[in-house]
Amino acid sequence: MNIEFSIIETIRDGFESEFGVTIPEGEIQLQPTRKEFEGTYTFVCFPYLRFTRKSPEESGKILGTFLVENNSLVSNFNTVKGFLNLSISDEVWSKRLVELTQTHLDWPEDGSEMMVEFSSPNTNKPLHLGHLRNIFLGWSLSELLNAAGKKVHRVQIINDRGIHICKSMVAWDHFGNGETPESTGMKGDKFIGDYYVKFDKEYKKQVAKLIESGSSEEDAAKSAPIMKEAQETLLKWESKDPEVYEKWKTMNGWVYKGFDVTYRAMGVEFDKLYFESETYKLGKEVVLKGLKEGIFYQKDDGSVWVDLTEDGLDEKLLLRSDGTSVYMTQDIGTAILRYSDYPNISGQVYTVGNEQEYHFKVLFLILDKLGYEWAKECHHLSYGMVDLPSGKMKSREGTVVDADDLMQEVIDAAAKQTAELGKVDELDSDEAENLYRQLGLGALKYYLLRVDPRKRILFNPAESVDLQGNTGPFIQYTHARINSLLRKADQLGIDYAVDNDVNELTEIERDLVYQLGEFKNKVKEAGEEYSPSLMAQFVYDLAKDYNKLWQNVIILKEEDINKRNFRLLLSFQTAKTIARGLSLLGIESPQRM
RNA sequence: GGUCGUGUAGCUCAACUGGAUAGAGCAGCUGCCUUCUAAGCAGCAGGUUCGGGGUUCGAGUCCCUGCACGAUCACCA
């Protein structure tokens, strides 16, 4: 039963029979009635006055009368100025609820496939707060697309080659004394990150010394021995020097192990990893082929470029004069490789910060010029930076918020606040630990996802662990609360999953059934708009409205059995919808808290 | 300077793609736990939607213009 569709059809019939005009399908739209008026759906008459040739008020009345007479779903109407507000009968809402409980919350599989890339770290340092927004966004979008009926391939491209990892390698040679993550008990990514910092320190020291002994700043920067060593290491790597290559493999392996721990803590996993060390060569081949075909051009020094001035962009370098690849070259290769790995995907999404908007605009344009039909299916999910109250995160100033640390802090904060509220009674320690984890991560994820991706986030540590108001734990709490109620109903042996004869609902009950029915649309919309924040907003509104019901009516102890059962069923469906909505954000729903 | 994005309550964010009196949370104030979990609910207060023009029955939303903030325009990634 699609109430909205049914009403729209009847409105079209109404125009036909009352005014003799045919309104094309899809032109008529309904909107939710504002709270202060009676009704659920509102039809705005103004745009159609040229057909009705009557006042807005009168047009509404004619259509309203027609609807009540010709559509059994519509029980009543009122018109305010040109707004026709339609009420749906309570029997319909009651049936609608039963129908919802019997319908799957996800869309059926439509056979299409999508690829979503997210995270995509460098291998020289641990993940930080910025990655968290990226990862939560990418994961949530994957879940949303999946719930919308698509098969989703979650991937990341790992920037495992380049000067950055060479720096860590050189520093390890000098200062490592053969120590390893195992021997030190450190997480692999942290271990490597430390050597990256050690490199930088030593480098600065050497530069300072050179300047002191008379070098210019520029010369010093270039000729510092440790930097030269790093560059030599990179060259050795590119020529597959066995010793360097082995060391590179080992050290990257440490980093991946560390990342795995972090991803597991986040509740995130990937279907396939791409490594730049494996894709840059394909990119280079394609560029050389494009050069031959005249899509690109070569300068006197041998460097290869693409001219995008006709498209309103600049000229862009694709291969350096020494023939080595740049970032763009690798990304061309990666994209092509993905489509050959997964020929059935009908689109891919790159979850990458907005500082790279220009890069992706250029990338997609180049792929298009190379003749790849699927170039127009590529989408850059661009998001704003996460800034701290003190300003931007800067590794040099040590203001980078580490992902592991932050997750732990947020879990600790949840534990502390739970204890303060005196809610730790019934749980054993394992259950309690798990609850704190669910709450802490729920708070953090919701905090980062509720904002429109395009907007930058001012990260407020205190707010991110808040459990009250517009937060993840508030929504989780509503879910836990409902489950407590349903457990009691079960204990009493109440079977509420029946078609109850209810003919008198409160405003909030009608509103909740309406909202529950909107869930699937919201899933689709959030996926199409690449915006988990829409789902975050939806579950929050739902939880908020349910609490209104909870606080204002009696449910389990209601004497009218039909009413009681309807409310229990409504509670059941709300809990189910909240849990699914939260899971689409990557957030777990505790059974009790 | 060019391009893209953002600008809404003291603060953090919404606003169903042009609809009715712009909504939530936090912070502040007032009430409500011997009825199912008060991590809650009810209420008060808080707005020139950055400024200025325009389009129309109607503009936070669309167009023009100015301002502020951010990103970007590398033989970096």
Side-chain angles (χ1 to χ4, degrees), chain A residues 29-37 42 44-47 49 56 80-83 85 120 122 159 162-164 276 299 301-305 312-314 316-322 324-328 330-331 352-359 361-362 382 384-385 387 392 414 417-418 420-421 423 439 443 447 450-452 454-458 460 462-463 466-471 473-478 480-489 518 521-522 525 529 533-534 536-538 540-541 543-544 546-558 567-568 571 592-593:
Chain A
Q29 288 192 330
L30 296 178
Q31 49 186 287
T33 305
R34 291 183 70 99
K35 284 204 292 280
E36 60 264 40
F37 300 101
T42 293
V44 184
C45 299
F46 294 106
L49 298 183
V80 181
K81 292 186 272 181
F83 298 91
N85 302 319
S120 303
N122 287 357
N159 183 19
I163 190 75
H164 57 85
E276 286 188 352
K299 288 192 177 171
D301 61 5
S303 55
V304 178
W305 296 72
L313 303 171
D314 299 318
K316 191 82 188 172
L317 177 83
L318 297 177
L319 285 177
R320 297 191 185 99
S321 49
D322 64 3
T324 57
S325 340
V326 291
Y327 183 43
M328 188 63 76
Q330 298 168 13
D331 269 5
V352 182
N354 65 6
E355 77 251 354
Q356 296 195 31
E357 269 170 16
Y358 184 75
H359 171 78
K361 205 182 265 182
V362 171
S382 166
M385 297 290 101
D387 294 330
K392 288 188 179 182
Q417 293 181 66
T418 302
E420 277 168 10
L421 287 167
K423 302 229 176 197
L439 293 180
Y447 180 81
R450 59 177 254 250
V451 181
D452 184 334
R454 278 173 303 187
K455 293 190 177 170
R456 65 187 248 273
I457 289 183
L458 240 174
N460 182 326
E463 277 177 23
D466 239 328
L467 307 180
Q468 283 151 17
N470 190 354
T471 66
F474 163 76
I475 302 166
Q476 290 170 315
Y477 175 69
T478 309
R481 210 180 202 194
I482 295 174
N483 274 297
S484 159
L485 184 69
L486 296 178
R487 276 195 298 274
K488 288 198 168 130
E518 286 299 302
N521 292 334
K522 200 51 82 171
E525 187 189 349
E529 303 283 324
S533 70
L534 296 175
Q537 187 71 33
F538 176 88
Y540 172 67
D541 287 339
K544 180 109 186 100
Y546 180 84
N547 278 309
K548 217 175 274 182
L549 177 80
W550 175 285
Q551 214 78 217
N552 291 307
V553 305
I554 296 163
I555 299 175
L556 198 56
K557 293 180 181 165
E558 167 64 48
R567 285 172 191 165
L568 283 169
S571 302
R592 56 187 88 214
M593 60 188 276

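Chain naming here is simple, since letters A, B, ... match the order of the sequence lines and numbering starts at 1 in each. Remember, predicted model here, so these are calculated numbers, not experimental data.
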Review point. Could you walk me through whether A:N547 and A:R481 pass the side chain to side chain donor-acceptor pair (under 3.5 Å) check?
Key: CA-CA 9 Å; A:N547 278 309; A:R481 210 180 202 194; 2.4 Å; yes
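Contacts of A:F474 with the nucleic acid, taken as non-hydrogen atoms under 4.0 Å apart, involve only primed sugar atoms and P, OP1 or OP2. Contacts of A:K316 with the nucleic acid, taken as non-hydrogen atoms under 4.0 Å apart, are absent. No contact: A:A489 has no heavy atom under 4.0 Å from any strand. At a threshold of 4.0 angstrom between heavy atoms, the contacts of A:R34 include nucleobase atoms, whether or not backbone atoms are also involved. Backbone-only contact: A:L458 has heavy atoms under 4.0 Å from sugar-phosphate atoms and none from a base. Looking at heavy-atom distances under 4.0 Å, A:N85 makes contact with a base. Residue contacts shown for A:E276 are limited to sugar-phosphate atoms, with no base heavy atom under 4.0 Å away. A:T418 comes within 4.0 angstrom of a nucleotide base, judged by non-hydrogen atoms across all strands. Base engagement by A:V44 is indicated by at least one non-hydrogen atom pair under 4.0 Å involving a base atom. Within the 4.0 angstrom heavy-atom criterion, no nucleotide atom of any strand lies near A:V362. A:Q356 comes within 4.0 angstrom of a nucleotide base, judged by non-hydrogen atoms across all strands. Nucleic acid contact for A:V80: base, since at least one base atom lies under 4.0 Å from a heavy atom of the residue. Using a 4.0 Å heavy-atom criterion, one finds that A:N460 contacts no nucleic acid atom at all. Looking at heavy-atom distances under 4.0 Å, A:M385 makes no contact with the nucleic acid at all.
For A:R320 and B:rA77, the shortest distance from a side-chain N or O to OP1 or OP2 is below 4.0 Å. Contact annotation: A:K522 does not reach the phosphate of B:rC16 (side-chain N/O to OP1 or OP2, under 4.0 Å). Residue A:R481 has a polar side-chain atom (N or O) positioned under 4.0 Å from OP1 or OP2 of B:rA38. OP1 or OP2 of B:rA39 lies within a sub-4.0 Å distance of a side-chain N or O belonging to A:K423. Side-chain nitrogen and oxygen atoms of A:W550 include at least one within less than 4.0 Å of the OP1 or OP2 phosphate oxygen of B:rA38.
Rounding to whole angstrom units, CD of residue A:E529 and P of B:rA14 are separated by 14 Å.
Of the candidate nucleotides B:rU72, B:rC4, B:rA20, B:rU72 has the atom nearest to the side chain of A:Y358. Comparing B:rU72, B:rA20, B:rA24 by their closest approach to the side chain of A:K81 singles out B:rA20. Distance from the side chain of A:R454 is smallest to B:rG5 among B:rG5, B:rA15, B:rU37. Set against B:rG19, B:rC36, B:rA20, the side chain of A:P47 has B:rG19 as its closest nucleotide. Across B:rG19, B:rU37, B:rA77, the shortest atom-to-atom separation from the side chain of A:Y477 is found for B:rU37. In the set B:rC41, B:rA20, B:rC36, B:rC36 carries the atom at the smallest distance from any side-chain atom of A:K488. When distances run from any side-chain atom of A:Q468 to the nucleotides B:rC26, B:rA20, B:rU72, the shortest one goes to B:rC26. Side-chain atoms of A:N159 lie closest to B:rA77 of the nucleotides B:rC4, B:rC36, B:rA77. Of the listed nucleotides (B:rG40, B:rA39, B:rA77), B:rA39 has the atom at the smallest distance from the side chain of A:L421. Side chain of A:K455, nearest nucleotide from B:rU6, B:rC41, B:rC36: B:rU6.
Glycosidic torsion of B:rC33 falls within 90° of 0, placing the base in syn. Taking the O4'-C1'-N9-C4 or O4'-C1'-N1-C2 dihedral as appropriate, B:rU12 has a value more than 90° from 0 and is therefore anti.
Base pairing annotation: B:rG5 forms a Watson-Crick or G-U wobble pair with B:rC69, both donor-acceptor distances under 3.5 Å.
Pairing each heavy atom of A:L568 with each of A:L486, the nearest pair is O-CD2, 3.8 Å. The two atoms that bring A:N354 and A:G384 nearest to each other are ND2-CA, 3.6 Å, heavy atoms only.
Note: A:F83 and A:F46 have perpendicular aromatic rings, judged against thresholds of 30 and 60 degrees for the angle between ring planes.
One can find a donor-acceptor pair under 3.5 Å joining the base of B:rA20 and the side-chain atoms of A:T42.
Both A:M593 and A:L30 lie near RNA chain B, and the one whose nearest nucleotide falls closer to the 5' end is A:L30.
No side-chain heavy atom of A:K423 sits less than 4.5 Å from a side-chain heavy atom of A:M593.
A:R454 and A:D452 are joined by a salt bridge, as a carboxylate oxygen and a charged side-chain nitrogen come within less than 4.0 angstrom of each other.
Of the inter-residue distances, the one linking A:R567 atom CZ with A:L485 atom CG reads 11.5 Å to the nearest 0.5 angstrom.
A distance cut-off of 5.5 Å between ring centres, combined with a plane angle under 30°, places A:F37 in a stacking arrangement with the base of B:rA20.
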